[in-house]
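From a predicted model like this one, the values you see are computed outputs, not experimental measurements. Proteins get letters first, then strands, A, B, ... in listed order; numbering begins at 1 in each.
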Number of protein chains: 2
Amino acid sequence: MQIDESIELKFAQQLRKHRLRLTRARKEIFQKLYETNKPLSIQDIASITNGVHFVSVYRSVDLMQKAGIVKQVPQGFKNLFELSDLFRPHHHHATCKICAASKEIHDARIESLMNTLTKEAGLLPTEHHFELYGICQNCLSAVEDSKPIQRED
Amino acid sequence: MQIDESIELKFAQQLRKHRLRLTRARKEIFQKLYETNKPLSIQDIASITNGVHFVSVYRSVDLMQKAGIVKQVPQGFKNLFELSDLFRPHHHHATCKICAASKEIHDARIESLMNTLTKEAGLLPTEHHFELYGICQNCLSAVEDSKPIQRED
DNA sequence: TCCTTATTGCAAATAATTTGCATTAAGTAT
DNA sequence: ATACTTAATGCAAATTATTTGCAATAAGGA
């Protein structure tokens, strides 16, 4: 997939703004996040990225995060990353607890409520994490809610 | 702090319902979560808990989580735990990005919106994670937003 | 009190993340 | 284009976090 010209430019500018260099590794990471278009773990990124050492992925994702290029998406117990709102429309995720399939949610109601609540709590809003979980149609049949928890043995 | 009788009973029942035994370690963990009354990491719990090996904390928190006694609160990049809604009113957190002070939010608007959105996404709602971040009054003065990111060197 | 088996503690294995350092390569100036 | 400065990379190794195996212990029911 070819990245849009203006997106690429913005990427370069954002790096520069934070005195970060536009390296092959970072281009590669950005490209993969862009075309995959869903939250990925560091490991995920390292595995699909071409010739970029996983340590560099850690370091670059961290810096790109601080530079506002990438944002963290804590999903359940995993820390995932995707491109920030600078590069794609702000959204949230609804994820199936069972099959982990995840769907994007775009809804203005969320944002306004978030801001209101954050301010009401006496904070200057910077960000919010918002993840919905449920069970999708496909998986519903396999679940019995009242059953005691499963052990692995 | 002494735990309410009915709370303790419910705790025991919930364990039993899931065929989990009421052990000293679990009482201790429950007690600490109860009196601390804020999200704690596994490490936190292990350190304030009296004579409970950290491996047991991992295991018991995991089981108590599956049994609905404890719930996970992914906060930023940390996985924290607190008692589930069975034992304290459902709420969310507004956390200062800088000093990490965290304030509880109780607001019915959130819940209804969550449920609506989850259903709209085609999922049967099970849970949601919802964390607000901002900068509190105390910390506000120390921040200059447009400054390039800080490196540690 | 006895019996069954979940739970614990400990040691050790794995996995995840971070750090130090020499080498490479951006980005700027010449 | 070439040289220069220093950020960024790769690799090895250190930390840190989490999980697993197993023998000893202790819940909880008979």
B/S/- along nucleotides 20-29 of chain D (protein heavy atoms under 4.0 Å) is BB----BBSS
Report task. Measure centre to centre between the rings of A/H128 and B/F130, then say whether the value is under 6.0 Å. Result -> no
Rounded to the nearest 0.5 Å, the CG atom of A/L80 sits from the CD1 atom of A/I45 at a distance of 9.0 Å
Rounded to whole Å, the CG-P distance (A/D62 to D/dT9) equals 12 Å
So, B/F87 versus B/F30, ring centres under 6.0 angstrom or not?
yes
Between CZ of A/R19 and C1' of C/dG27 the distance, given in whole Å, is 13 Å
Could you check whether B/E127 pairs with B/K71 (Lys NZ or Arg NE/NH1/NH2 to Asp/Glu carboxylate O, under 4.0 Å)? no
Heavy-atom nearest nucleotide on DNA chain D taken for B/F54 and for A/V57; more 5' hit belongs to A/V57
Here the distance between atom C1' of C/dA16 and atom CD of B/Q43, to the nearest Å, is 13 Å
Ring pair (Phe, Tyr, Trp, His ring centres under 6.0 Å) pairs touching residues 40-72 of chain A, sequence neighbours excluded, are none
(Q) When you measure from the side chain of A/S84 to the backbone of A/L86, do you find a donor-acceptor pair of N or O atoms at a distance under 3.5 Å? (A) yes
B/R26 atom CZ is separated from C/dA6 atom C1', nearest whole Å, by 8 Å
When the rotation axes relating C1' atoms of four end pairs to the next four are compared across the helix from C/dT1-D/dA30 to C/dT30-D/dA1, five pairs an end, they differ to 10° by 50°
Rounded to whole Å, the CD-P distance (A/E28 to D/dT9) equals 12 Å
In whole angstroms, the gap separating P of D/dA17 from CG of A/N79 amounts to 14 Å
Q. Does D/dT19 have OP1 or OP2 sitting under 4.0 Å from an N or O in the side chain of B/Y58?
A. no
note: A/H53, atom NE2; D/dA7, atom C1'; distance rounded to Å ~ 18 Å
- Item | Main-chain N/O of B/R21 paired with B/R16 side-chain donor or acceptor, under 3.5 Å | no
In whole angstroms, the gap separating C1' of D/dT19 from CD of B/Q65 amounts to 16 Å
| message | It should be established whether B/S56 places a side-chain nitrogen or oxygen under 4.0 Å from OP1 or OP2 of nucleotide C/dT7. | response | no
Checklist entry - In terms of side-chain geometry, is the basic nitrogen of A/K103 or A/E131 positioned less than 4.0 Å from the acidic oxygen of its partner? => result no
The side chain to side chain donor-acceptor pair (under 3.5 Å) partner of B/E104 among B/H92, B/R88, B/H93, B/K38 is B/R88
